[in-house]
Structures are given as C-alpha cells and as structure tokens.
Amino acid sequence: MRKLRALVVLAAAVAHSQPTSTPSLKDAYKGLFRIGAALNTAQFEGRDPIAGPIIEAQFNTISPENALKWQSIQPGPETYDFDQADQYVAFGEKHKMFILGHCLVWHSQTPAWVFQDAQGNPLTREALLDRMHDHIKTVVGRYKGRIGGWDVVNEALNEDGTMRQSPWYRIIGGDFIAKAFQFAHDADPGAQLYYNDYSLENQAKRKGAVELMRRLRAAGVPITGIGLQGHVKIDSPDAGQEAATIEAFAALGLRVNISELDVDVLPRTTRSDSADVSTTAAGTAQSNPYTNGLPEERQQALAKRYAELFRVFVQHHNSMDRVTLWGATDGTSWLNNFPTRGRTNYPLLFDREGKPKPAFFAVLREATRNR
Ligand code: GLA
C-alpha cells in the first residue's frame with residue numbers, strides 16, 4: 001500500500017515536473033537578490049507533487065508559512081514541538097537555500113496562555129519578558145547558524161503608524177521590541193534580524209515605522225533589516241510608493257526585503273487594504289468571479305503588475321537581499337480564504353497545475369531587462 005502510494009506520488013510528480021526548458025527565477029536573479037517562497041507543511045515534507053518540483057527548481061530562499069509560529073512551536077508553557085520546524089530547516093539545508101524563521105513575537109497565532117499566569121490573570125511585565133526570553137532563546141538557539149534570518153517582531157504598528165495595543169505592548173511597554181531583538185541577537189549573533197509588517201507603503205504607517213526604526217537604530221538595537229510583506233492589490237500601492245518605501249528604510253542603513261509578496265486579483269470585500277489576518281468579510285455573488293479560470297485580459301494585467309513591482313525591486317537591488325512570495329502555486333495561497341473564505345484567487349506566479357503563468361515570464365524578463 002505504502003509502495004503504491006509512493007508510486008502514485010512519483011507519477012504525479014513526473015507528470016507535473018517543470019520541463020527542463022523552464023528557466024529559473026533564482027538563476028535569472030543571481031547577482032540581484034534571492035527569490036523565495038513560503039512553504040506549507042506538505043511542501044517541506046515532500047507531499048505536494050505539484051509545488052515540490054517548482055520549489056526546488058525556482059527558489060533559493062524559503063519561509064515557513066506556519067511551522068515556526070508560536071502556536072506551532074510552543075503550544076503549551078512547558079511544551080515545545082520542533083517536529084515540523086526541524087523538517088522545514090532540513091529541507092532548506094538539503095536544497096542549500098537561505099532559511100527564514102517566521103516569526104518570534106506577534107499578537108496573532110500566539111496562544112492566550114502566553115500572556116497569562118496559571119490562574120488566567122495577565123502576566124506582569126517581568127514574567128512576560130521572561131517568557132519571551134525563554135521562547136526566543138530556545139527557538140533561535142536550536143537553529144543557530146542554520147536559520148539565517150528571523151522575523152523577530154511582526155506587525156507591531158497600527159495603520160496610522162502608532163503602536164498597536166497588542167498584549168506585548170500593553171504588558172511590557174514599547175521596549176518589548178528592543179528586548180526581543182536583543183534576546184534574538186544573544187541567541188544567535190550571526191543571524192539577520194528583521195522587523196516585518198504590511199502596508200508600510202502607506203504614508204502614515206510608513207512614517208511611524210521609519211520613526212520606530214530610526215529610534216531602534218539610534219539606541220543600538222541589533223536590527224539588520226525590514227520586511228515589507230507585500231500583500232498587494234492589482235492596483236495599489238503604485239510603483240512610486242513602492243520605490244519611496246524601499247528608499248526610506250534603506251536610508252536608515254537597513255536591508256530591505258520583500259517578505260510575503262502576492263497580488264490579490266479579486267474584488268475587494270473590505271474597505272481597508274489591511275493584511276491583518278483577523279479580518280474577515282462575507283462574500284457576495286460578485287466577489288468570486290473567476291471560479292472557472294482567470295480571463296486572459298486579467299492574466300495580462302497581473303503580469304503587468306508583477307513586472308511593475310519587480311522593475312522597482314531591480315532598480316533597488318543594492319538595498320535588497322530577497323523577494324519572497326507568500327506561496328508557490330495559486331491553489332494553496334491563503335488569499336483563497338482571506339479576507340473572505342472559499343474564493344478562487346490567482347495571486348502567484350504558478351497556476352493550480354503548477355504551470356508558469358504570464359506573470360512568471362514577466363518577472364523573468366525584468367531580471368534581464370538592463371543586463
Ligand atoms: C501575515 C503573517 C504571515 C501570514 C500571512 C497570511 O502576513 O506575517 O505569517 O499569516 O499574514 O498567511
């Protein structure tokens with residue numbers, strides 16, 4: 001039975017494997033920056049015959065979609081579970097990829113007990129700092145020298161650029177960020193350490209983030225870079241905003257990475273452009289228009305949008321180390337379920353069968369345009 005299953009997986013992999021003639025993004029972008037994808041568990045465990053060959057052929061950096069989030073890696077106060085994370089890291093090492101850790105300190109996908117004592121009362125500042133320290137020391141320490149960069153703090157800002165009133169902020173205070181970076185640096189002085197957030201292209205949020213980064217740098221906090229998540233729409237932010245954002249952070253001496261790129265092609269079901277994972281919205285008859293495939297004209301619009309973005313990235317390659325897509329193929333993208341569940345979205349470079357889309361070839365072209 002096992003053998004049969006292995007054969008079926010193998011046959012599917014062969015059927016879906018990229019023709020050797022498909023050029024690779026990682027080769028095309030050599031000398032500019034790395035190209036990456038976020039992986040789900042099936043992918044780094046070798047159980048996705050469609051995405052598997054694409055990941056190996058196309059990307060030279062990986063991020064874990066969920067495997068290293070707090071709820072996955074430390075589900076209980078005394079319980080660490082490294083099973084998936086170990087496999088994820090082993091996958092990256094096997095394929096000689098730059099391996100990302102994502103993420104250490106976030107308000108989402110972090111269990112409620114983290115912020116409470118055994119009686120369910122809010123922790124004191126000191127107790128929460130101890131807990132944060134234990135988590136970071138244990139997780140970063142385990143992969144010291146193997147995970148090359150960490151998203152240390154994720155999404156600490158509101159849309160208007162003020163500090164988000166997360167339990168981390170409320171209990172510890174504004175210095176929770178500096179503390180997290182210091183703990184991560186102590187656990188692996190060789191690792192790159194990033195602040196990661198969405199919508200930093202928007203004026204107000206960018207201004208808040210630039211101020212925050214400036215303060216951290218001035219205080220000598222060991223932060224090496226910023227992750228612009230890049231959960232963008234087909235029409236915003238525009239190329240000018242993208243360029244100005246990269247330049248604003250690079251001017252502070254930070255490396256700038258695009259950490260979670262995808263392009264939402266579906267009609268908006270919320271008023272804001274927020275990528276806050278807690279956002280949900282009901283669908284309407286009009287909000288899921290492409291269940292039978294993306295029309296050619298939309299396909300071309302997506303390709304154009306990707307070309308526009310990568311043109312900006314190539315222009316700023318001196319400040320950048322990587323562009324990571326949030327997924328490998330359209331079929332497994334979170335945008336099929338965010339902010340509205342059960343839609344058919346087309347945000348990435350490979351379709352549901354694993355075939356490269358016009359957007360893929362557009363991205364490829366941008367690598368060679370001026371070389
Ligand atoms: C945020 C997080 C990611 C992921 C995406 C959606 O951007 O940083 O870990 O949860 O949302 O999948």
Side-chain angles (χ1 to χ4, degrees), residues 36-44 48 51 61-74 84-85 88 92 99-111 114 135 139 147 149-159 164 166 168 177 180 184 192-202 205-206 209 225-233 236-237 245 256-266 268-270 272-281 309 322-343 345-348:
L39 308 190
N40 63 31
T41 310
Q43 290 164 347
F44 59 74
D48 183 341
T61 174
I62 50 171
S63 297
E65 209 174 325
N66 288 300
L68 274 85
K69 290 176 179 169
W70 194 306
Q71 69 181 20
S72 312
I73 213 162
Q74 193 187 359
Q84 289 191 17
Y88 161 76
I99 305 168
L100 249 289
H102 170 87
C103 48
L104 296 169
V105 174
W106 191 25
H107 58 278
S108 241
Q109 294 184 261
T110 301
V114 172
H135 181 83
V139 178
I147 286 188
W150 284 96
D151 288 336
V152 177
V153 175
N154 200 29
E155 305 178 354
L157 293 166
N158 292 317
E159 301 317 277
R164 185 192 286 271
S166 72
W168 295 111
I177 299 179
Q192 299 211 10
L193 304 179
Y194 318 115
Y195 174 73
N196 193 54
D197 211 332
Y198 59 82
S199 292
L200 294 176
E201 296 81 3
N202 297 345
K205 193 164 184 178
R206 185 200 314 162
I226 186 138
L228 310 179
Q229 288 187 1
H231 295 297
V232 302
K233 312 285 172 204
S236 78
T245 308
V256 183
N257 298 311
I258 308 299
S259 56
E260 308 185 11
L261 183 63
D262 46 25
V263 179
D264 192 345
V265 300
L266 295 182
R268 290 167 199 234
T269 50
T270 58
S272 95
D273 281 347
S274 169
D276 192 322
V277 291
S278 65
T279 312
T280 54
L309 291 168
R322 92 190 122 81
V323 174
T324 297
L325 292 136
W326 203 247
T329 66
D330 286 343
T332 54
S333 165
W334 76 300
L335 288 177
N336 294 303
N337 291 303
F338 175 88
T340 299
R341 294 199 69 77
R343 296 195 296 172
N345 213 331
Y346 301 83
L348 296 167

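Just follow the structure's listing: the first ligand is 1, and inside any ligand the first atom is 1.
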Derivation and outcome, side-chain hydrogen bond (donor to acceptor under 3.5 Å, both in side chains), residues N40 and E65: CA-CA 5 Å; N40 63 31; E65 209 174 325; 4.5 Å; no

Sole residue of D330, T340, D264 in side-chain hydrogen bond (donor to acceptor under 3.5 Å, both in side chains) with N345: D264

Salt bridge (Lys or Arg N to Asp or Glu O under 4.0 Å) assessment of R164 paired with D197: CA-CA 12 Å; R164 185 192 286 271; D197 211 332; 5.4 Å; no

Smallest separation among heavy atoms of Q43 and A38, with atom names: OE1-O, 3.9 Å

Pairwise salt bridge (Lys or Arg N to Asp or Glu O under 4.0 Å) hits with a residue in residues 100-109, at least two apart: none

Exam field: side chain W168 to backbone W106, donor-acceptor pair closer than 3.5 Å: yes

For ligand 1, run through the N/O pairs with the protein that fall under 3.5 Å and put one pair on each line.
unit_1   : atom_1 : unit_2 : atom_2 : d
ligand 1 : 7 (O)  : Q229   : OE1    : 2.8
ligand 1 : 7 (O)  : Q229   : NE2    : 3.4
ligand 1 : 7 (O)  : H231   : NE2    : 3.2
ligand 1 : 7 (O)  : E260   : OE1    : 2.4
ligand 1 : 8 (O)  : H102   : NE2    : 3.3
ligand 1 : 8 (O)  : N154   : ND2    : 3.0
ligand 1 : 8 (O)  : Q229   : NE2    : 3.4
ligand 1 : 8 (O)  : E260   : OE1    : 3.4
ligand 1 : 8 (O)  : E260   : OE2    : 2.8
ligand 1 : 9 (O)  : K69    : NZ     : 2.8
ligand 1 : 9 (O)  : H102   : NE2    : 2.5
ligand 1 : 10 (O) : K69    : NZ     : 2.8
ligand 1 : 12 (O) : W326   : NE1    : 3.1

